[in-house]
Q: 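Take a look at this one; I'll ask things after.
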Amino acid sequence: MKKKVYQILEKYIDEKIILEKPKDAKFGHFATPIAFSLAKKLRKSPMIIADELVNKIIDEPNFKEVTAIKGFVNIKLSSEFLDEYSSYALKNENKFGKSDKNKKILLEYVSANPTGPLHIGHARGAILGDTLYQIARHLGYEITSEYYINDAGNQIEMLGNSVFLVGQEEILNLSPQFPDEFYRGEYIKDLASKTAQKFGETIFEDKKNIEKISNFAKDEMLELIKLNLQSVNIEFDGFVSEKEMFKKWNNSLTKLEKNSAVYTKDDKLWLKSSECGDEKDRVVVRDNGQPTYLAGDVIYHDDKFKRNYDQYINIWGADHHGYIARVKSAIKFLGYDESQLEVILSQMVSLLKDGEPYKMSKRAGNFILMSDVVDEVGSDALRFIFLTKKSDTHLDFDIEMLKKEDSSNPVYYINYAHARINQVIAKSGKNIESLSDVKFSSLDESAENLLFNALLLPEVLEDVFNQKAPQKLADYLKTLAGSLHKFYNSHKVIGADNEDELLKLLATVAVSIRVGLKLIGIQAKYKM
RNA sequence: GCGCUCGUGGCUCAAUUGGAUAGAGCAACAGACUUCGGAUCUGUAGGUUAUAGGUUCGACUCCUAUCGAGCGCGCCA
């Protein structure tokens with residue numbers, strides 16, 4: 001819709017135009033502050049320039065009204081314009097907002113270590129990632145999601161050790177010494193008993209078995225993580241193993257050497273990351289010959305870029321922010337364009353329950369399990385609440401709020417709007433196909449505003465994806481639902497003179513709500 | 001100490017990325033049901049945008065300093 005307005009305006013104004021949503025709906029549908037930026041150049045007052053522009057555009061048939069107010073040029077679209085668009089939305093729900101993008105994107109997210117179940121912080125990144133994924137798909141991008149499994153390194157060994165010791169304690173009734181940094185929590189006990197089931201209790205008698213236990217425990221944890229993700233409707237296109245990656249280490253290393261990106265000092269291999277904006281150089285191979293965690297990411301990103309996408313997006317926990325410079329410098333040293341990688345940080349989450357800090361479950365060890373929260377409030381509410389906030393700010397929320405069934409719970413509020421519409425349409429006995437051919441001719445101002453807001457969905461989605469700001473979609477849906485409720489209270493639809501028109505309007509609103517919710521990962525309700 | 005992120009009504013968050021009178025929800029108070037589902041709606045109240053300067057037609061947004069919060073500053077992952 002915006003695109004079309006741009007095209008029209010290009011005919012009249014030979015300048016770069018910025019279209020905005022007016023502060024107040026009564027000004028019009030679109031506005032541009034173009035007169036302000038021209039003011040300096042033309043050495044005239046913005047008000048006069050705006051007036052002149054208005055005179056130039058005023059006869060455009062697609063615009064019902066063009067006005068200049070305090071230097072802003074405001075545009076109101078014609079009903080024919082809105083009508084055509086609304087019919088399109090009704091007939092092409094799944095393509096509403098889709099356009100040819102011709103862009104391949106690789107999205108990496110979650111990538112939590114397979115050493116335990118997902119906690120609430122992981123959930124935020126996961127939901128953010130999946131929502132961006134769904135939106136990108138809907139908009140027409142070719143996007144692939146990937147989970148990087150950290151299955152190398154000593155945290156896996158630590159997992160195996162933890163299971164081994166707990167097995168000794170719980171199953172063999174020994175009293176082993178637990179070092180401080182071992183994994184705790186109920187899930188380790190579960191793992192121990194599963195291990196005993198699979199390999200027999202004697203496996204805990206010999207330390208030599210730890211490697212076997214590690215591997216088994218890691219696979220089990222990965223399955224558990226997948227289940228956690230499924231509980232909020234997330235599936236990945238692919239999984240990549242760090243261990244597998246290391247087989248390609250020599251390739252990446254050769255590349256780094258060729259680009260003189262590494263040097264040896266104190267028997268260790270260093271990456272010259274400080275040359276690319278990092279605070280200092282980083283070790284990639286230890287003096288014992290073991291590659292570091294960074295090496296894994298060097299190979300992984302080499303591998304990613306070899307696969308030749310147009311854009312790479314990583315979603316990391318906020319505690320990784322110091323890591324960005326390192327990885328970007330590695331990408332540059334490997335000979336790629338590091339600006340193709342965008343890293344989004346997802347901030348910490350603190351949960352409240354009745355105003356008090358949420359009690360961490362014993363099962364979890366020392367963090368809040370994602371599955372506990374999903375069990376308590378459900379996937380829909382959790383997904384929605386995580387998306388109502390910018391990902392880079394801390395988030396506090398009270399779990400009790402999500403259980404309420406009134407306007408304080410946005411999911412109910414939005415679903416109720418959708419259900420209301422469908423009840424009205426059902427009651428009218430009309431079907432959507434016949435409604436989509438109705439022409440708008442007698443909508444009043446509030447009806448037209450509602451229609452316009454509903455048709456704004458594609459713009460919102462583009463915005464959300466470009467800025468990686470899903471809170472705008474959540475906000476949009478709340479506002480749209482609010483406008484609908486308001487409209488509903490002031491207009492009787494069934495039996496009105498323009499009943500069919502109003503039904504078409506409502507059906508259009510329902511499309512936007514339904515599509516918006518679907519992209520957030522929520523199935524809209526037809527009845528409540 | 002250094003770096004990154006952030007600071008907006010009592011609470012949780014917005015603000016079209018430098019634009020029009022800083023907006024929503026919750027909580028509070030006052031109203032609307034012989035209804036196309038009141039799981040809703042209408043209204044009132046609440047702000048020196050942490051503080052102090054600066055940049056310009058114009059600042060919550062950009063710059064500088066100060067205060068405060070979180071995170072990072074491993075050859076852990």
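Just so it is clear: chains get the letters A, B, ... in the order the sequence lines come, proteins before strands, and each one is counted from 1. Keep in mind that the numbers below use all heavy atoms, side chains included, and drop hydrogens, waters and symmetry copies.
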Q: Would you mind reading off the distance between A/L484 atom CG and B/rC41 atom P, rounded to a whole angstrom?
A: 10 Å
Q: Taking the C1' atom of each, how far is B/rU12 from B/rG54, in whole Å?
A: 33 Å
Q: For the P atoms, the ones on B/rG43 and on B/rC26, what distance do you get once it is rounded to whole angstrom?
A: 14 Å
Q: Work out how far the C1' atom of B/rG47 is from that of B/rA24, and round it to whole angstrom.
A: 15 Å
Q: Apply salt bridge (charged side-chain N to carboxylate O under 4.0 Å, His left out) to A/E220 and list each qualifying residue two or more places apart in sequence or on a separate chain.
A: A/K194
Q: Would you mind reading off the distance between A/N489 atom CG and B/rG31 atom P, rounded to a whole angstrom?
A: 19 Å
Q: Whole angstroms only, please: what is the CG-P distance between A/N422 and B/rG37?
A: 12 Å
Q: Just confirming the chi classification of B/rU17, syn or anti, using 90° around 0 as the syn window.
A: syn
Q: Does A/Y148 have its ring centroid less than 6.0 Å away from the ring centroid of A/F239?
A: no
Q: Find the distance A/Y300:OH to B/rA77:C1' and express it as a whole number of Å.
A: 16 Å
Q: What is the distance from atom CD of A/E501 to atom CG of A/L443, rounded to the nearest 0.5 Å?
A: 5.0 Å
Q: Is the A/F63-A/H29 ring centre distance short of 6.0 angstrom?
A: no
Q: Please report the distance, rounded to the nearest Å, between CD1 in A/I48 and P in B/rC57.
A: 17 Å
Q: For nucleotides 3-9 of chain B, give me one character per nucleotide, 5' to 3': B if any protein heavy atom sits under 4.0 Å from the base, S if the only such contacts are to the sugar-phosphate, - if neither.
A: BBSS---
Q: Centroid separation under 6.0 Å, is that true for the rings of A/F384 and A/Y412?
A: no
Q: Test of understanding: with salt bridge (charged side-chain N to carboxylate O under 4.0 Å, His left out), list the residues that count as partners of A/E211, not counting sequence neighbours.
A: none
Q: Measure from CD1 on A/I49 to P on B/rC57 and round the result to the nearest Å.
A: 14 Å
Q: How would you label the contact of A/N154 with the nucleic acid (heavy atoms, under 4.0 Å): base, sugar-phosphate, or nothing?
A: sugar-phosphate
Q: Pick base, sugar-phosphate or nothing for A/A31, based on heavy-atom distances below 4.0 Å to the nucleic acid.
A: base
Q: How would you list, by chain and number, every residue that makes a salt bridge (charged side-chain N to carboxylate O under 4.0 Å, His left out) with A/K248, sequence neighbours excluded?
A: A/D303
Q: How is the base pairing of RNA chain B summarised as a dot-bracket string, given the Watson-Crick and G-U wobble criteria with both distances under 3.5 Å, [ ] for crossing and | for another strand?
A: (((((((..((((.....[...)))).(((((.......))))).....(((((..]....))))))))))))....
Q: Is A/K525 touching bases, backbone alone, or none of the nucleic acid, heavy atoms closer than 4.0 Å?
A: nothing
Q: For B/rG72 and A/R326 - does any side-chain N or O of the residue sit under 4.0 Å from the phosphate oxygens OP1/OP2?
A: no
Q: Taking only the side-chain heavy atoms of A/R420 (C-beta and beyond), determine which of B/rC41, B/rC76, B/rG38 contains the nearest atom.
A: B/rG38
Q: Could you check whether A/K468 makes a cation-pi contact with A/F465, meaning its NZ or CZ is under 6.0 Å from the centre of the six-membered ring and within 45° of the ring axis?
A: yes
Q: Just the rounded figure in Å: distance from P of B/rC57 to CE of A/M47.
A: 14 Å
Q: Want to settle it: does A/K472 or A/V493 sit nearer the 5' end of RNA chain B, counting the closest nucleotide to each?
A: A/K472
Q: With sequence neighbours excluded, tell me which residues meet side-chain contact (heavy atoms from CB on, under 4.5 Å) with A/A496.
A: A/N498, A/L502
Q: Considering only nitrogen or oxygen atoms on both sides, find all protein atoms under 3.5 Å from nucleotides 42-45 of chain B and state each distance.
A:
none

Q: Can you check the distance between B/rC60 and B/rC13, where both ends of the measurement are the C1' atom (answer in whole Å)?
A: 14 Å
Q: Restricting to ring pair (Phe, Tyr, Trp, His ring centres under 6.0 Å), what partner residues turn up for A/Y183, sequence neighbours left out?
A: none
Q: Hey, is A/F72 stacking on B/rA20? Ring centres under 5.5 Å, planes under 30°.
A: yes
Q: Using the test ring pair (Phe, Tyr, Trp, His ring centres under 6.0 Å), find all partners of A/Y488 that sit at least two apart in sequence or belong to another chain.
A: none
Q: Can you list the residues that meet the ring pair (Phe, Tyr, Trp, His ring centres under 6.0 Å) rule with A/F333, with sequence neighbours excluded?
A: none
Q: Rounded to whole Å, how long is the line connecting atom CH2 of A/W270 with atom P of B/rG74?
A: 11 Å
Q: How is A/E20 classified with respect to the nucleic acid when contacts are heavy atoms under 4.0 Å: base, sugar-phosphate, or nothing?
A: base
Q: Nearest to the A/D319 side chain among B/rU40, B/rA20, B/rC71, which nucleotide is it?
A: B/rC71
Q: Please enumerate all residues that pass side-chain contact (heavy atoms from CB on, under 4.5 Å) together with A/V285, with sequence neighbours excluded.
A: A/W249, A/L269
Q: Using a cut-off of 4.0 Å on non-hydrogen atoms, how would the nucleic acid contact of A/Q467 be classed: base, sugar-phosphate, or nothing?
A: base
Q: What does A/N74 touch in the nucleic acid at a heavy-atom separation under 4.0 angstrom: a base, only the sugar-phosphate, or nothing?
A: base
Q: When the C1' atoms of B/rA77 and B/rG68 are compared, how many Å lie between them, rounded to an integer?
A: 31 Å
Q: Please figure out whether A/T292 or A/K427 has its closest RNA chain B nucleotide nearer the 5' end.
A: A/K427
Q: Using the P atom on both, measure B/rG7 against B/rG18 and round to a whole Å.
A: 15 Å
Q: Taking salt bridge (charged side-chain N to carboxylate O under 4.0 Å, His left out) as the test, write out the residues that go with A/R383, two or more places apart.
A: A/D130
Q: With respect to the side chain of A/H485, which nucleotide from B/rG37, B/rA77, B/rU40 is positioned closest?
A: B/rU40
